Every structure is written in C-alpha cells, then in structure tokens.
*Asks:* 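What follows is a single structure, and I will ask about it in a moment.
Given the structure is predicted, the values throughout are model-derived calculations rather than measurements. Quick note: residue numbers are just sequence positions, from 1. All ligand and atom numbering here is 1-based and tracks the order in the structure.
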Amino acid sequence: MSVGDPLVRVDDLRKYFWEHDSLLDRLFGDEPVPVRAVDGVSFEIYEGETLGLVGESGCGKSTAGETMVRLQEPTDGRVEFDGEPVFALEGEALDAFRRAVQIVFQDPFSSLDPRMTVGDTVREPLDVHGVGTERERRDRVRDLLERVGLSADQFDRYPHEFSGGQRQRIGIARALAVEPEFVVLDEPTSALDVSVQAQVLNLLDDLQDEFDLTYLLISHDLSVIRHVCDRVAVMYLGEIVEIGPVDELFGAPKHPYTRALLESVPRASTDERERDRETLAGDVPSPRDPPSGCRFRTRCPMVIPPEGLDIERETYRELMTLRERIERRDVSLETVDTDEQFDIDDGASDEDVPAATAALKDRLLESELPPRHEAVVDEALAELTAGNWAAAADRLRAEYESVCEREAPGLGDGSHPVACHLHGAAAERTDGPSSWT
Ligand SMILES: Nc1ncnc2c1ncn2[C@@H]1O[C@H](COP(=O)(O)OP(=O)(O)OP(=O)(O)O)[C@@H](O)[C@H]1O
C-alpha cells in the first residue's frame with residue numbers, strides 16, 4: 001500500500017567489497033575480485049509505509065540498508081531522500097539527513113555501550129545534534145523511555161540490568177530521540193526470544209503511527225515481514241528479484257525463489273505441511289562470482305529448457321546441475337570405481353570408457369533419461385571419464401543451454417514486478433507459471 005510520495009528512491013545501488021582478497025591472490029598478483037554484496041538494486045519507499053527487505057543470510061540486505069543511509073560508501077548508484085541526492089549531501093544538509101534517518105540494529109547486547117547509563121545512551125544523539133537545552137533533553141529522554149514501554153525512573157540504570165527485549169526498546173528510544181522521518185530496522189527482533197518479538201514489533205507499529213515514521217524492515221524471517229510490512233522486496237545474491245504488496249507476494253508469489261522461501265516456512269496446518277514442498281537445491285553461489293544470467297538459475301527448480309526440448313522439468317534440472325558440477329570440477333572421478341574394475345584417475349583407457357561412463361551416470365543422475373538424452377549424456381560422460389572436463393561441459397551446454405543463463409531478467413515496472421524469464425518473453429514459449437501447482 002503506497003500511502004504518499006516516495007520518501008526514499010534507490011536507483012541502481014551497488015556496493016562492492018574488496019577488503020577480503022585472499023593472500024594467494026596477492027601473492028600471484030591476481031586482479032582483486034570484489035564481493036558484489038549489493039549489485040544494482042532499485043526500489044522506492046513511500047511516506048508512512050513499511051517496506052520489508054527479505055532474503056537468505058548474506059544476500060546483501062544489511063549492506064543495502066547501511067549504504068542507503070551512508071554508513072557505508074556506495075560503489076555506484078543513487079539514493080534520494082525527500083528529493084535530495086543523499087550521496088552528494090554535505091555540511092548542514094548532511095547533518096539534517098543524519099537526524100532524519102536512523103538505524104536500529106539487530107543485537108541489543110552489543111549495540112549499547114555498557115558503560116553508559118540508559119538515559120545517557122538515549123540522550124547522546126540529542127547532544128551530538130545540539131538539540132534543546134539540558135533540561136529539555138532530559139525531559140525528552142524520560143518521555144521517550146515511557147513511550148517505548150520502559151520507565152522514566154530507569155534513566156540511571158545500565159544496559160546489563162535489562163533483558164534483551166528491554167535493551168531493544170532502549171535502542172529504539174535512542175533512534176527516535178532526534179525525531180527521524182525514516183528508520184532502517186535491521187533484524188530488530190532476531191536476537192530476541194519469540195515471546196518478546198511480537199511485543200517489540202507491536203511497539204514499532206504503534207510508534208510508526210505516533211511519530212509518522214517510514215520504515216525499511218530488514219529480516220530473513222518471513223513471519224516478521226508478513227506481520228509488519230506493507231510491501232516486500234525479495235533479495236537474492238545482491239539483486240532484488242521481486243517486489244510487491246505483502247498480501248500479493250505471500251498469496252501469489254511470482255519468483256521461484258520467493259516461492260521456495262515461502263515453502264521453507266514451517267506451517268501450522270497439517271494439510272499444508274503434507275503438501276509437496278519445492279526444496280531449494282544447492283548452496284548460494286559466491287557473490288564474488290555470481291552465475292551469469294539469472295543468479296538463481298543454479299538452484300531454480302523452474303529453470304527454462306531450450307525451445308522444443310522434450311524433457312521433464314526435474315530431469316532438465318538434474319542435467320543442468322550435472323553440467324554445473326562438471327564446470328566447477330566438482331565430480332570425484334576416483335570414487336566412481338569402488339570395485340576397482342578400471343583405472344580412471346588419469347582418464348579411463350578406451351576399453352574402460354563404457355563401464356566408467358555407466359558407473360558415473362548411475363552415481364550422478366537419478367532420473368531415467370529418454371533415449372535421445374541418454375545418448376547426449378553418454379557422450380558427455382565419456383569425455384569426462386577420459387579427463388576432458390571442458391569437452392564434457394561443452395557437449396551438455398550445446399544441447400541444454402538455458403535462456404536463464406544467457407540473459408539476465410530485468411525487474412520491470414508496475415506494482416508487483418519480478419525478475420524472472422518465466423514472466424517475460426520466454427514465458428510465451430514455455431508452459432509458464434500458470435502450470436505451477
Ligand atoms: N566489510 C565487508 N567486507 C567484505 N565482505 C563483506 C563485508 N560486509 C559484508 N560482506 C559480504 O557481503 C555479502 C552481503 O552481506 P550482508 O551482511 O549485507 O548480507 P545480509 O543479507 O544482511 O546477511 P545477514 O542477515 O547474515 O547479515 C556477504 O557475502 C558478506 O560476506
């Protein structure tokens with residue numbers, strides 16, 4: 001639900017890290033390869049709304065949030081706050097931005113200084129920005145402590161005297177001290193007991209109404225997002241793959257990644273629990289070397305076969321995974337021949353190739369292949385048993401290359417855009433999302 005004009009506009013934002021180059025890279029003088037933590041994200045946040053940013057650990061949510069509010073230097077892109085370009089702000093305009101925009105961090109245990117009283121902690125931003133007289137600041141802090149559900153009498157206590165939930169309330173009071181318009185909430189309840197999480201979320205909801213706040217809520221927890229957000233942006237490997245109103249996104253997710261995330265949430269009802277789940281195969285690839293085309297295609301159960309290829313979706317997924325493993329050289333040839341019938345370590349001899357190929361196929365593929373595909377796979381695996389990794393991958397690529405690896409799908413426009421070829425031009429010649437069950 002958009003409830004006004006965009007307060008925040010993020011346009012093609014990028015943040016790369018070069019810090020963790022390996023010692024080997026440096027020894028061999030290799031070009032440093034950056035971690036592409038945020039790799040071209042665009043979205044808007046409207047006045048008064050809560051936008052959720054969700055995705056697995058490491059997909060770039062925190063980096064996106066911190067870069068937007070200038071806690072990290074951007075690599076590229078543009079952010080506007082209230083129509084002003086954030087990365088160009090200086091002097092008084094930058095001070096005003098630093099008041100208008102606040103961040104609440106996940107861990108209420110490490111984000112508070114243990115040597116400062118609660119009152120001083122909440123008052124510090126008022127001191128930094130020179131807000132009001134000494135007396136006014138003290139009164140404001142006492143008032144804030146009450147508003148977040150603590151007591152003004154707790155002004156002189158220290159953080160260790162409070163529970164996790166209370167500490168997060170202190171963190172929230174501190175963020176609100178300078179009357180911000182926009183607050184980034186970075187996993188605000190992840191470190192808290194489940195019983196306390198709802199209280200803190202309700203508090204944030206009440207404060208949003210009371211102080212006319214706009215929120216970006218970063219969370220890996222879909223139930224938190226569903227409870228609190230108006231719209232949701234789903235991130236995968238540094239990119240946004242889908243954005244939409246919360247009810248639409250949960251009710252009719254478009255991206256296979258969003259669907260998989262939703263499938264992984266434990267369900268209360270037995271009927272739903274018994275439903276077939278699409279499980280997410282494989283690990284998240286490295287953000288230093290993300291897959292070409294659609295970044296989710298290495299794990300996507302819906303990866304699109306070439307036109308006219310008569311093959312089951314699951315079988316196609318298996319063949320793509322096989323090729324990816326061959327490309328990564330992630331197949332252990334030595335363990336194929338457990339009965340030591342042939343020597344494959346340095347490439348099988350001509351007479352051993354058929355037996356070694358059969359043994360490999362047995363181990364690497366579960367599906368029965370139609371004859372035409374069996375022939376292709378046999379050729380590829382024969383190359384592999386002979387130690388010709390590149391030729392094996394090339395044979396499979398020639399037959400099975402997907403549009404998902406050739407072309408990066410754009411996010412598109414509208415109220416519920418999605419970056420997936422199943423919803424783009426390629427959808428016209430596939431069975432498309434309408435066939436999903
Ligand atoms: N200072 C840094 N130097 C190098 N790499 C970094 C740095 N900060 C983050 N990264 C990397 O950037 C990627 C995105 O990290 P980020 O913390 O933004 O993800 P996230 O989605 O917020 O995950 P989490 O919920 O686990 O914090 C990760 O691969 C992470 O290892």
*Asks:* Could you check whether Arg138 makes a cation-pi contact with Phe155, meaning its NZ or CZ is under 6.0 Å from the centre of the six-membered ring and within 45° of the ring axis?
*Replies:* yes
*Asks:* Once you restrict to heavy atoms under 4.0 Å, what part of Val35 touches ligand 1? Side chain, backbone, both or neither.
*Replies:* side chain
*Asks:* Given Ser62, Ser286, Ser190, which has its nearest heavy atom closest to atom 22 (O) of ligand 1?
*Replies:* Ser62
*Asks:* List ligand 1 atoms under 4.0 Å from Glu56, heavy atoms only on the residue side.
*Replies:* 21 (O)
*Asks:* Not counting sequence neighbours, which residues clear ring pair (Phe, Tyr, Trp, His ring centres under 6.0 Å) with Tyr400? List them please.
*Replies:* His373
*Asks:* For Ala93, give me all partners under side-chain contact (heavy atoms from CB on, under 4.5 Å), at least two apart in sequence or on another chain.
*Replies:* Leu89
*Asks:* By number and element, which atoms of ligand 1 are closer than 4.0 Å to a non-hydrogen atom of Ala37?
*Replies:* 12 (O), 13 (C), 14 (C)
*Asks:* Closest heavy-atom contact between Val118 and Phe162?
*Replies:* CG2-CE1, 3.3 Å
*Asks:* Using distance alone, with no hydrogens and no angle criterion, decide if Asp230 and Tyr46 have a side-chain donor and acceptor under 3.5 Å apart.
*Replies:* no
*Asks:* Kindly confirm or rule out an N or O of Pro287 lying under 3.5 angstrom from an N or O of ligand 1.
*Replies:* no
*Asks:* Crowded around Glu210 CD? As in, over 12 foreign heavy atoms under 6.0 Å?
*Replies:* yes
*Asks:* For Cys59, is at least one N or O under 3.5 Å away from an N or O on ligand 1?
*Replies:* yes
*Asks:* Do any nitrogen or oxygen atoms of Gly58 lie less than 3.5 angstrom from nitrogen or oxygen atoms of ligand 1?
*Replies:* yes
*Asks:* If hydrogens are left out, which of Glu66, Lys61, Lys15 has an atom nearest to atom 21 (O) of ligand 1, that is, the closest non-hydrogen atom?
*Replies:* Lys61
